[in-house]
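For reference, the structure is listed below as structure tokens.
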Amino acid sequence: MTETTPELACPIAPVVDIVFSRWTTPILWALNEYGRLRFVELERRIATITPKVLTQRLRQMERDGLITRTYHAEVPPRVEYEISELGRSLGPMFATLAEWSPNLDKVDAARQAYDSRSSAR
């Protein structure tokens, strides 16, 4: 039997790795919803993220081309982030996922049923 790389076995795996890492979707959503934001504004919008993790995710997303970073040489310096055209191109995929979200009640019911069966064993 020949082993297949994950990318060949599931061609969407690299997309999932880029787009659905822990903080990418909330950051993209905030930038899409509210437009250009400064670091502190993003931090407030995503209250549970630490500054260190937000910095790491923003750098990676800029590297991936999903957001743009604009540095304004002022006193004090100002940095703004906004979703790029590439990031915006994910909109239809997110809209489809939002359409599926009513199924979360069914997922919750299935989990409860499973947990009830598992605890009865």
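Only a predicted model underlies this, so the values are computations on that prediction, with no experimental measurement involved.
- Residue Arg69 qualifies as enclosed at atom CZ: its count of foreign heavy atoms under 6.0 Å is above 12.
- Within the structure, ring-ring contact (aromatic ring centres under 6.0 Å, His included) pairs that include any residue of residues 60-98 do not occur (at least two apart or interchain).
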Please report the C-alpha distance between Arg44 and Glu41 in whole Å, then the side-chain angles of each, then the deciding distance to 0.1 Å, and finally whether the salt bridge (charged side-chain N to carboxylate O under 4.0 Å, His left out) criterion is met. CA-CA 5 Å; Arg44 278 191 216 121; Glu41 295 168 323; 5.7 Å; no
Carefully, step by step, assess Arg45 and Glu43 under the rule salt bridge (charged side-chain N to carboxylate O under 4.0 Å, His left out). CA-CA 6 Å; Arg45 300 270 181 208; Glu43 194 176 22; over 6 Å; no
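- Of the possible polar contacts, none joining the Thr68 side chain to the Ser84 backbone as a donor-acceptor pair under 3.5 Å is found.
- The distance from atom CG of Asn103 to atom CG of Leu97, rounded to the nearest 0.5 Å, is 11.5 Å.
- Counted by atom type alone, Ser21 and Arg57 present one or more donor-acceptor pairs between their side chains at under 3.5 Å.
- Put simply, CZ on Phe20 and CG on Leu28 are 9.5 Å apart, with the number rounded to the nearest 0.5 Å.
- For the atom pair Met61 CE and Leu31 CG, the distance stands at 6.5 Å (nearest 0.5 Å).
- A distance of 11.0 Å separates CD1 in Ile83 from CD1 in Ile27, rounded to the nearest 0.5 Å.
- The backbone N or O of Ala98 lies less than 3.5 Å from a partner atom in the side chain of Ser101, making a donor-acceptor pair.
- Of all non-hydrogen atoms in Leu42 and Ala30, the two that sit nearest each other are CD2-CB, 3.9 Å.
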